[in-house]
Every structure is written in structure tokens, then in C-alpha cells.
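Starting from 1, each residue takes its place in the sequence as its number.
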Amino acid sequence: MKNYLLLVTAFFCISLSTYAQKDKKDNDKDIELISVETSNEIDGDTYNQWSLEFDLGQSRGGRPYSEGYFGSDPSKFLGGFQLNHFGLGVRYMLSPKFGLKSHFSYDDIKKLPGSESKDFKLQHLQFTFEGVVNAMRLFDLQNEFRRFGLLFHFGIQASQMSPQMNQNKGKKELNGGLIVGVTPSIRVLNNLSVFLDVSLNSNIRQHFNWDGAYSESNNNLIGSLFTTSLGISYSFGKDKIHGDWAIIKEINDKRIDSLNNRIGEIETLMNDSDKDGVPDYLDAEQNSIAGVAVDTKGRMVDKNNNGVPDELEKYVNNSISSNNNATASIATENAVLQLINDGYIAAYFETTKVTPNNASASNIGFILNYLKNNPGKNVEIAGYADETGKTETNNKLANDRAQNVKAILVKAGISESRITIMSRGEDDSVDNKSDWAKRLVRKTVFKIKQ
């Protein structure tokens with residue numbers, strides 16, 4: 001009997017291993033489900049944890065038997081075969097590696113047809129409660145074998161034996177003991193698998209022989225039953241794949257991913273959009289002019305508070321070779337106009353906001369000072385929005401931003417007649433997937449007019 005079980009198991013495992021290696025080459029047909037981590041946080045939303053199982057096959061009593069009775073036919077290959085076992089079970093995986101199962105089975109233990117044993121027949125009902133170990137996950141082999149699974153189960157069982165013929169017909173006896181088994185399987189569909197189960201059942205106290213007679217006193221303590229069966233396992237739940245084969249990242253993989261994400265965030269924070277040497281996350285003025293000195297918060301240095309950065313004033317003065325004051329004044333005026341009209345002076349906004357952020361106060365102040373010092377000049381304010389959201393909403397948002405900046409200048413003493421506004425709508429010149437790039441287009445810009 002043992003040789004029979006070993007041969008069947010070996011044949012099945014070799015067949016499954018060959019199939020699994022072939023299937024490994026077909027990546028397009030394999031489904032991989034990645035969860036957050038294999039800790040107590042895993043729940044039914046990650047993979048299907050419940051399975052319903054049905055199996056049928058052969059149960060054969062090992063010992064004890066009365067003289068003249070036996071469960072196999074020595075003249076047949078592997079002792080012969082008869083279909084006399086039917087089972088139904090349910091399994092729940094507490095984690096990807098460990099679970100619980102209950103199983104109910106009916107066994108019709110009787111003489112193997114054609115054998116020289118005397119006639120006997122015994123009904124055996126059994127209920128088990130067992131722990132389950134997913135060996136593929138326990139040894140981290142699920143990625144290599146993919147469709148191939150291997151479960152070990154072990155636990156306790158309660159059974160009822162009832163002879164169906166001879167002198168003890170109609171009598172019943174309750175028994176209890178241990179059960180252990182191994183279940184190799186193949187995934188056929190995402191939530192359906194076929195399995196072979198080989199189990200050994202041991203009754204700690206058994207008075208009936210498997211032929212239905214009362215056992216000798218020295219056999220009254222232990223009885224054994226071997227079961228070999230084929231079955232199907234169907235998993236059910238919200239997900240599309242059986243939990244036995246879902247590829248699940250371990251905690252270390254999750255931590256590595258988390259660290260990679262944090263590194264990416266740090267790299268983003270260290271971006272320097274205006275190339276002034278101050279990272280964007282510390283930069284209060286992210287539109288400073290290249291080459292212009294800034295303070296530790298990225299703001300252009302303006303010690304004399306005239307609205308023109310000191311470095312720009314120095315550049316203009318050094319660029320004028322003539323000592324003619326009129327020429328110097330014209331050169332300075334042209335430089336300031338270019339600074340404003342080319343968009344270096346702008347007001348910036350947070351997402352969906354129409355009020356300028358605090359860092360924009362100095363830029364609006366720059367425009368205010370220019371308009372006060374040049375009463376003959378007017379200004380056009382153009383509002384922009386990024387591409388997030390609906391176009392209609394963004395057009396209105398851009399207009400409201402221009403209106404609010406106009407209101408600030410009016411309240412600061414600039415005549416409303418000198419200010420015109422317009423909505424430029426969405427600015428699509430930057431990558432819409434970059435949060436930092438989108439900050440640069442949520443703005444209003446200014447253009448000086450006569």
C-alpha cells in the first residue's frame with residue numbers, strides 16, 4: 001500500500017513539475033497580483049482566501065483486519081483500485097502561507113472486486129479540522145512554479161464506523177484521532193485548480209476491524225486508513241485569482257518600494273526650477289532671474305527696496321559705457337520693461353486658488369512701484385491655469401486670478417482705468433504629470449503698455 005501511494009505521488013509530482021516549467025515560459029498567460037505586504041494588514045480584498053473543495057477516490061484500511069479479510073488484491077498492480085471515497089471541504093487562508101480547513105467524507109470500505117478476501121462492507125463517516133501550510137510560499141517558490149501548488153495539511157478528525165453486513169451489522173462506533181496529508185495541485189483557471197490528495201488517517205482508539213468484526217484486544221488502540229483522491233478546488237471572493245497563486249510582495253519588497261518612492265520625492269523636492277541654487281521646496285520666489293543674487297529663501301536681493309534687484313541694477317550700470325545720465329536712464333528703463341514684459345515678474349497661485357501666494361507679494365510690489373513711478377504707463381494682467389480639471393473651469397480660474405491681482409493694485413492706489421485683464425486659460429507648456437512644473441503655470445503675468 002505504501003509503495004502504491006509513493007508511486008502515485010511521485011508520478012503526479014513529476015507531471016506537474018514538467019507542466020509548471022513549460023508554463024513558466026508563457027508569461028502572458030500568468031496573472032500576478034501584488035498586495036501591500038504579507039502582514040496582518042492583508043484582507044479579502046487582496047486575494048481570494050476562501051476555497052470550496054470536492055474530491056473522490058479510494059480509501060483503504062491499513063489495519064486491523066480479521067483473518068481471511070484484507071483490503072487489497074496482491075495479484076493486481078498496486079493492489080487494485082475501487083472508487084469508494086467522496087469528500088467535500090472548505091478552506092480559509094489566514095495568510096498567504098497558513099490557513100484552516102474542514103472536510104467531510106464518506107467511505108464505503110468493502111472487499112475489492114476479484115480479490116480472495118472474504119466479503120465485508122463498512123461505512124465510514126469522517127469530519128476533520130486541520131491546519132494548512134502552503135509549501136510554495138513557505139519556501140518562496142511560487143514565482144518559479146507559478147501554476148503548480150503544494151499544500152500540507154494536518155489536524156484532528158472524528159469518525160463513525162458502521163458495519164453493513166455480518167454479525168455487527170447496524171452497530172456504530174465513534175472514533176477520533178489524527179490526520180495528515182499532502183496536496184499537490186495545478187491551477188486550471190484563475191480561480192479553479194485540480195489537485196491530488198494523499199492522506200493518512202489514524203484512529204487512536206478503534207474497536208472494529210475494517211472488515212466489520214470486533215478486533216482482537218491487542219488491535220483495539222490504533223487503526224489506520226489511507227486515502228488517495230482527485231479533486232477540484234474553487235476559490236471565491238472579490239478577486240479574480242486564487243490566493244494560492246497570487247504573486248504577493250513580501251514586507252521587504254514593500255519597504256524597498258517605499259524607500260524608492262521617498263527617494264523619488266526627495267529628488268523632486270531638490271529640483272531648482274529657476275537655477276538660483278535654492279531647492280524649490282525652500283524657494284519662496286521660484287521665478288528669480290538667472291545670475292541674480294538671492295537670499296537663503298531664494299528671493300532676489302533688493303537692499304535699497306526700489307523694486308529692482310541689486311544684481312540687475314549692477315548689470316545695467318556696468319553695461320552702460322557712457323556717463324550720460326539720460327542714456328543710463330533709458331537703458332535702465334528698457335531693462336525693467338523687458339524684465340516685466342518677458343514674464344520674469346509674475347504672481348503665483350496654489351491649486352484651485354485665486355489669491356496669490358505669499359511669495360508673490362514682492363513681484364506685485366515691483367509692478368506697483370513701477371506704475372507709481374511711471375504714471376503715463378498702463379498694465380495688462382493675463383491670468384493662467386494648469387491643465388488639471390475641466391477647460392471651462394480653468395478659463396474662469398485664470399480670469400479670477402487676473403481680477404484679484406487687479407483688485408490688489410487698485411486698493412494700493414493704482415487707477416482702475418490703467419489696468420486691463422484677460423484670461424489666457426490653460427498653459428500646456430509643461431508636463432501635466434509634474435506637480436512642481438504645474439506650479440510655474442498657475443500665475444498671472446504683466447505687460448506694460450502706453
Q. Can Glu130 and Thr128 be counted as having a side-chain donor-acceptor contact under 3.5 angstrom?
A. yes

Q: List the atom of Asn166, the atom of Asp119, and the distance in Å for their closest heavy-atom pair.
A: ND2-O, 3.8 Å

Q: Any chance you could measure Ser117, atom OG, to Leu112, atom CG, to the nearest 0.5 Å?
A: 9.0 Å

Q) Is Asn134 reaching over with its side chain to a backbone N or O of Met136, donor-acceptor style, under 3.5 angstrom? A) yes

Q: Drop me the distance from Asn201's CG to Ser224's OG, to the nearest 0.5 angstrom.
A: 8.5 Å

Q. Closest heavy-atom contact between Phe226 and Gly62?
A. CE1-CA, 4.1 Å

Q: Please round to the nearest 0.5 Å and tell me the distance separating atom CG of Asn168 and atom CZ of Phe208.
A: 4.5 Å

Q.
Counting neighbours of NZ on Lys447 that are heavy atoms of other residues, nucleotides or ligands and sit closer than 6.0 Å, is the number greater than 12?
A. no

Q. Would you say Thr351 and Thr388 make side-chain contact, with heavy atoms under 4.5 Å?
A. no

(Q) So which atom in Ala346 and which in Val445 form the shortest heavy-atom distance, rounded to 0.1 Å? (A) CB-CG1, 4.1 Å

Q. Less than 4.5 Å apart, any side-chain heavy atom of Val405 and any of Phe446?
A. yes

Indicate every side-chain donor-acceptor pair of residues 81-88 with a distance under 3.5 Å to a residue at least two apart or in another chain.
from, atom 1, to, atom 2, distance (Å)
Gln82, NE2, Lys110, O, 3.0
Asn84, OD1, Ser59, N, 2.8
Asn84, ND2, Ser59, O, 2.9
Asn84, ND2, Asp108, O, 3.1
His85, ND1, Ser59, OG, 3.4
His85, ND1, Asp107, OD1, 2.6
His85, NE2, Asp55, OD2, 2.8

Q | Interatomic spacing from CD1 in Ile232 to CZ in Phe195 - rounded to 0.5 Å | A | 8.0 Å

(Q) Between Gln164 and Ser162, is there a side-chain donor-acceptor contact under 3.5 Å, judged purely by atom types and distance? (A) yes

Q: Give a yes or no on whether Glu67 atom CD has more than 12 heavy-atom contacts from other residues, nucleotides or ligands under 6.0 Å away.
A: no

Q. So, do Leu225 and Ile109 sit near enough that their side-chain heavy atoms are less than 4.5 Å apart?
A. yes

Q | Check: His153 and Lys101 side chains under 4.5 Å, non-hydrogen atoms | A | yes

Q: Can you measure from OG (Ser423) to CD (Gln403) and round to the nearest 0.5 angstrom?
A: 10.0 Å

Q: Using salt bridge (charged side-chain N to carboxylate O under 4.0 Å, His left out) as the criterion, point out the one residue from Arg401, Arg424, Arg442, Lys433 that pairs with Asp386.
A: Arg442

Q | Rounded distance (nearest 0.5 Å) linking atom CZ of Arg91 with atom OG of Ser102 | A | 12.0 Å

Q. So, Asp211 and Ser66: side-chain donor and acceptor under 3.5 Å apart, yes or no?
A. yes

Q. Within 45° of the axis and under 6.0 Å from the centre of the six-membered ring of Tyr384, does NZ or CZ of Lys443 qualify?
A. yes

(Q) Before you tell me yes or no, could you show the steps for Gln206 and Met161 under side-chain contact (heavy atoms from CB on, under 4.5 Å), namely the whole-Å CA-CA distance, both residues' side-chain angles and the distance that decides it to 0.1 Å? (A) CA-CA 9 Å; Gln206 178 176 320; Met161 302 175 68; 3.6 Å; yes

Q. Can you tell me if Asn363 and Ser360 form a side-chain donor-acceptor pair at under 3.5 Å?
A. no

Q: Under the salt bridge (charged side-chain N to carboxylate O under 4.0 Å, His left out) rule, collect the residues that match up with Asp431, sequence neighbours excluded.
A: none

Q. Parallel, tilted or perpendicular: which describes the rings of Phe120 and Tyr65, with under 30° parallel and over 60° perpendicular?
A. perpendicular

Q) Just wondering, are more than 12 heavy atoms of other shown residues or ligands nearer than 6.0 Å to NZ in Lys121? A) no

Q. Can you tell me if Asn191 and Ser235 form a side-chain donor-acceptor pair at under 3.5 Å?
A. no

(Q) Using side-chain contact (heavy atoms from CB on, under 4.5 Å), reason through Leu368 and Leu409 one step at a time and then give a plain yes or no. (A) CA-CA 7 Å; Leu368 175 64; Leu409 293 175; 4.1 Å; yes

Q. So, for Ile421 and Ala402, which heavy atoms are closest and what is the spacing to 0.1 Å?
A. CG2-O, 3.8 Å

Q. If we only count heavy atoms from C-beta on, is the Leu230 to Leu56 side-chain gap below 4.5 Å?
A. no

Q: Considering non-hydrogen atoms only, spot the tightest contact between Gly425 and Ala398 and give its length.
A: N-CB, 3.7 Å

Q.
Just so I know, are the side chains of Leu122 and Trp210 near enough to count as touching, which here means a heavy-atom distance under 4.5 Å?
A. yes

Q. Above 12 or not: heavy atoms from other molecules or residues under 6.0 Å from CD of Gln160?
A. yes

Q. Quick one: does Val133's side chain get under 4.5 Å of Phe154's, heavy atoms only?
A. yes

Q: Of all the heavy-atom pairs spanning Tyr348 and Leu440, show the shortest one and how long it is.
A: CE2-O, 3.5 Å

Q. Would a 4.5 Å heavy-atom cut-off, applied to side chains only, mark Arg439 and Phe349 as touching?
A. no

**Q.** Test log, rule side-chain contact (heavy atoms from CB on, under 4.5 Å), inputs Trp50 and Met93
**A.** CA-CA 7 Å; Trp50 287 98; Met93 297 305 291; over 6 Å; no

**Q.** Candidates Gln126, Glu173, Gln157, His124 - the one meeting side-chain hydrogen bond (donor to acceptor under 3.5 Å, both in side chains) with Asn203
**A.** Gln157

Q. What residues form a side-chain contact (heavy atoms from CB on, under 4.5 Å) with Ala437, not counting sequence neighbours?
A. Val430, Ser434

Q: Would you sort out whether Asp197 and Thr227 count as a side-chain contact (heavy atoms from CB on, under 4.5 Å), showing the intermediate values?
A: CA-CA 8 Å; Asp197 183 77; Thr227 301; 5.5 Å; no

